[in-house]
Engineer: 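Can you read through this structure? Questions will come right after.
Treat the numbers as computed from the prediction; the structure is a model and nothing was measured.
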Amino acid sequence: MDAGGQKGGALVGTGTLRLLEGPRGEIVRMSTATGSRRMGIAALVLKRLIAHAQASGVKEIMLETTSSWDSAIALYTQHGFVKTHEHDGDSHFALRLD
């Protein structure tokens, strides 16, 4: 499932939830256009992806981001994701959906 945010007809935010076995999901490709950051677009996209995961019966969502991207890490932790580990400069997170 792709979730995108639009502003004035232009695509300014996107993210993808990949459904896995287990039932688990993985969020990949979260991105917000440079000129549209700090406006809540990423949070909106993330909320839509989480809602879709819940509706699809997903019990755990995983994701990873570059460990030095403080704003991305803050976004994910504000939405309940917990850091599970670091590997090769990336921080890995999980969110349980019970």
Side-chain angles (χ1 to χ4, degrees):
M1 185 248 181
D2 291 324
Q6 292 190 7
K7 179 180 170 186
L11 183 64
V12 293
T14 187
T16 300
L17 172 70
R18 186 170 64 167
L19 298 177
L20 306 171
E21 293 182 25
R24 297 178 307 149
E26 180 181 24
I27 292 179
V28 296
R29 307 276 189 260
M30 286 281 298
S31 181
T32 303
T34 303
S36 297
R37 292 183 180 155
R38 303 278 184 218
M39 298 178 159
I41 294 167
L44 199 69
V45 170
L46 184 58
K47 287 176 186 176
R48 288 190 64 192
L49 293 173
I50 292 169
H52 181 71
Q54 289 174 313
S56 299
V58 169
K59 299 297 181 195
E60 181 179 41
I61 302 173
M62 300 169 299
L63 61 83
E64 65 182 72
T65 190
T66 303
S67 294
S68 62
W69 290 354
D70 296 332
S71 60
I73 290 170
L75 171 71
Y76 299 134
T77 57
Q78 287 168 2
H79 286 87
F81 284 83
V82 176
K83 186 175 178 179
T84 60
H85 64 284
E86 285 192 39
H87 180 71
D88 288 337
D90 291 328
S91 293
H92 297 252
F93 293 85
L95 174 67
R96 297 281 310 153
L97 302 174
D98 292 322

Engineer: Which residue pairs pass the side-chain hydrogen bond (donor to acceptor under 3.5 Å, both in side chains) test when at least one of the two sits in residues 22-35, sequence neighbours left out?
Structural biologist: Arg18-Glu26
Engineer: Which heavy atom in Val45 sits nearest to a heavy atom in Gly15, and how many Å separate them?
Structural biologist: CG1-N, 3.7 Å
Engineer: Only pairs at least two apart or in different chains count here, so list each salt bridge (charged side-chain N to carboxylate O under 4.0 Å, His left out) that has a residue in residues 54-72.
Structural biologist: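 For residues 54-72: none.
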Engineer: Which residues satisfy the salt bridge (charged side-chain N to carboxylate O under 4.0 Å, His left out) test with Glu86, sequence neighbours excluded?
Structural biologist: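 Glu86: salt bridge (charged side-chain N to carboxylate O under 4.0 Å, His left out) contacts with Lys83.
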Engineer: Tell me if a side-chain donor or acceptor on Ser91 pairs with a main-chain N or O of Thr65 at a distance below 3.5 Å.
Structural biologist: no
Engineer: Does a side-chain heavy-atom distance below 4.5 Å link Leu49 with Met30?
Structural biologist: yes
Engineer: Taking all atoms of both residues into account, what is the closest heavy-atom pair of Leu97 and Ala53, and its distance?
Structural biologist: CD1-CB, 4.0 Å
Engineer: Could you walk me through whether Val28 and Leu63 pass side-chain contact (heavy atoms from CB on, under 4.5 Å), step by step?
Structural biologist: CA-CA 7 Å; Val28 296; Leu63 61 83; over 6 Å; no
Engineer: Given side chains that start at C-beta, do those of Phe81 and Ile50 come closer than 4.5 Å, heavy atoms only?
Structural biologist: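 Counting from C-beta outward, Phe81 and Ile50 do come under 4.5 Å.
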Engineer: What is the distance from atom CG of Leu19 to atom CD1 of Ile61, rounded to the nearest 0.5 Å?
Structural biologist: 9.5 Å
Engineer: Check Gly80 against Leu95 and note the closest heavy-atom contact, atom names and distance.
Structural biologist: O-CD1, 3.3 Å
Engineer: Taking all non-hydrogen atoms of both residues, which atom of Val58 and which atom of Gly25 are closest, and how far apart?
Structural biologist: CG1-N, 3.6 Å
Engineer: Who passes ring pair (Phe, Tyr, Trp, His ring centres under 6.0 Å) against His85, sequence neighbours left out?
Structural biologist: His92
Engineer: Under the rule for side chain to side chain contact (heavy atoms under 4.5 Å, CB included), what residues qualify as partners of Ala43, not counting sequence neighbours?
Structural biologist: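 Side chain to side chain contact (heavy atoms under 4.5 Å, CB included) check on Ala43 returns Leu75, His79.
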Engineer: Atom OG1 of Thr16 and atom CD1 of Ile27: how far apart are they, to the nearest 0.5 Å?
Structural biologist: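 Answer rounded to 0.5 Å: 9.5 Å.
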Engineer: If I take atom OG1 from residue Thr77 and atom CZ from residue Phe93, how far apart are they, to the nearest 0.5 angstrom?
Structural biologist: 6.5 Å
Engineer: Give me the other members of the hydrophobic cluster that Leu20 sits in, counting Ile, Leu, Val, Met, Phe, Trp and Tyr linked by side-chain heavy atoms under 4.5 Å, directly or via other members.
Structural biologist: Met62
